[in-house]
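So the structure is just underneath, and the comments pick up after that.
We count ligands from 1, going down the list as the structure has it; atoms in each ligand are counted the same way. Numbering of residues begins at 1 and proceeds along the displayed sequence.
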Amino acid sequence: MAETLTIRRPDDWHLHFRDGDMMRDVVPFTARQFARAIVMPNLTPPVTDSASAAAYRERILSAVPDGIDFMPLMTCYLTDDTDPDDLARGAAEGIFTAAKLYPANATTNSAFGVSDMARLDPVFARMESEDIVLCIHGEVTESHIDIFDREAEFIERHLRRIVRDFSKLRVVFEHITTSEAVDFVLECGPNVAATITPQHLHINRNAMLVGGIRPHAYCLPVAKREQHRLALRKAATSGSPKFFLGTDSAPHPRHAKESACGCAGIFNAPFALESYLAVFEEEDALEHFEGFASLNGPAFYKLPINKATVTLKREPHKVPDMLTAAGEDIVPFHAGETLDWKLVD
Ligand code: DOR
Ligand code: ZN
């Protein structure tokens, strides 16, 4: 049995840092594990233009602890009124690495998202010609569609068309949660890939609903049936270059989750790498861990692979029941559980 594992330094291809005190306190958790992260723009107000993205990037950089090499990769929040010229300019200047499509009201701080997908066609066309990556939160939002069906429905209603009409556009189908999403990504060409979170590899919807309602297992897209979790584990650990690491770590204060209307989001940043590694070990696929964590993402984004390495060692450790950020209690993913691997600092 392997006792240590050394891989190229990984990146997190989907992450929420927030802003202000919360950002200052959560950035170090990510920076100690990952060299780069695709930073989500769903602040209030959202990051919709290159000037605000550049300013946000500076605020993040000022929160990176001394001596740690970490680069935030910024995204542009697409709205019905996105200016393709500003987006293209921001990408050309190296401010935007990608643009993020939230269907309006799909999730936390998505009220300014896209209400009419067809209106964005000129933006998609420009992104295709400028080779800017499109990150998609793939869920329909119509109130009559069951929440467990919203991802599969998004594929049929929107994603197939976008991928067909903009056949060279690079698309990341983010935080996928269903076997339908796995199948769709596999059917598409190499310009379509997906990120997978640790929570969707570890838990199914029972974790949220059996024996009491568990708000810390609630995120969006919501965890699905066991058959979907198994399909995601198979995809992530298969060695396919189409699947890569994206934690979707999303800090919310404990009181905002333990509420009559609890927020969506799981804070998995503190032990993200160890959490993913547990899955690869359980699936007997340690040989594919580096690809998923450190190689497939850079290849898709056309960015260099990190030169530095990280080492994990077998050292069982208990995840704290609670952490503090911005003066608030936050319950991390795996709270109170023991993880078998530990990142060597
Ligand atoms: O669970 C989620 N939380 N899903 C998202 O898409 C957004 C995120 C957040 O910002 O809290
Ligand atoms: Zn997210």
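Under a 4.0 Å criterion applied to the non-hydrogen atoms of His16, ligand 1 contributes the atoms 7 (C), 8 (C), 10 (O). Applying the 4.0 Å criterion to heavy atoms of Cys219 picks out, from ligand 1, the atoms 1 (O). Annotation for ligand 1: atoms under 4.0 Å from non-hydrogen atoms of His137 are 6 (O). Atom numbering of ligand 1 starts at 1 in the shown order; those under 4.0 Å from a heavy atom of Gly265 are 1 (O), 2 (C), 3 (N).
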Q | Pair His14-His16, ring-ring contact (aromatic ring centres under 6.0 Å, His included): steps then yes or no | A | CA-CA 7 Å; His14 179 128; His16 300 267; 5.3 Å; yes
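Using a non-hydrogen distance threshold of 4.0 Å, Met40 does not register as a contact of ligand 1. Residue contacts with ligand 1: Arg18 is included, with a non-hydrogen atom under 4.0 Å away.
Considering just the N/O/S atoms of Asp248, the one nearest the Zn ion (ligand 2) carries the name OD1.
Taking the charged nitrogens against the carboxylate oxygens, Lys168 and Asp131 have no contact shorter than 4.0 Å, which rules out a salt bridge. The pair Arg254-Asp321 fails the salt-bridge criterion, with no side-chain N (NZ, NE, NH1 or NH2) lying under 4.0 Å from an Asp/Glu carboxylate O.
Checked against a 3.5 angstrom limit, the closest N/O atoms of His252 and ligand 1 fall inside it.
The only member of Arg57, Arg24, Arg59 that meets salt bridge (charged side-chain N to carboxylate O under 4.0 Å, His left out) when paired with Asp19 is Arg59. Screening Tyr301, Phe34, Phe300 for a ring pair (Phe, Tyr, Trp, His ring centres under 6.0 Å) involving Trp13 leaves a single residue, Tyr301.
With a 4.0 Å cut-off on non-hydrogen atoms, Ala250 touches ligand 1 through its side chain and not its backbone. At a heavy-atom cutoff of 4.0 Å, ligand 1 is contacted by no atom of Ile266, backbone or side chain.
Taking the Zn ion (ligand 2) as the apex, the angle formed with NE2 of His14 and NE2 of His16 is 110°, to the nearest 10 degrees.
Glu151 places a side-chain N or O within donor-acceptor distance of the main-chain N or O of Thr177, the cut-off being under 3.5 Å.
Remark: minimum distance from atom 1 (O) of ligand 1 to any protein heavy atom is reached at Leu220 N, 2.8 Å. Ranking the protein heavy atoms by distance from atom 7 (C) of ligand 1 puts Thr107 OG1, 3.3 Å first. The protein atom (non-hydrogen) at minimum distance from atom 3 (N) of ligand 1 is Ala264 O, 3.0 Å.
Neither side chain, Thr178 nor Lys224, offers a donor N or O lying under 3.5 Å from an acceptor on the other. Side chains of His137 and Ser110: a donor-acceptor N/O pair is absent below 3.5 angstrom, by distance only.
The aromatic rings of His334 and His202 lie perpendicular to each other, with more than 60° between the two planes, well past the 30° mark.
Between Phe173 and Val163 there is no side-chain heavy-atom pair separated by less than 4.5 Å.
With a cut-off of 2.8 Å, the Zn ion (ligand 2) has no N, O or S atom of Glu174 in range.
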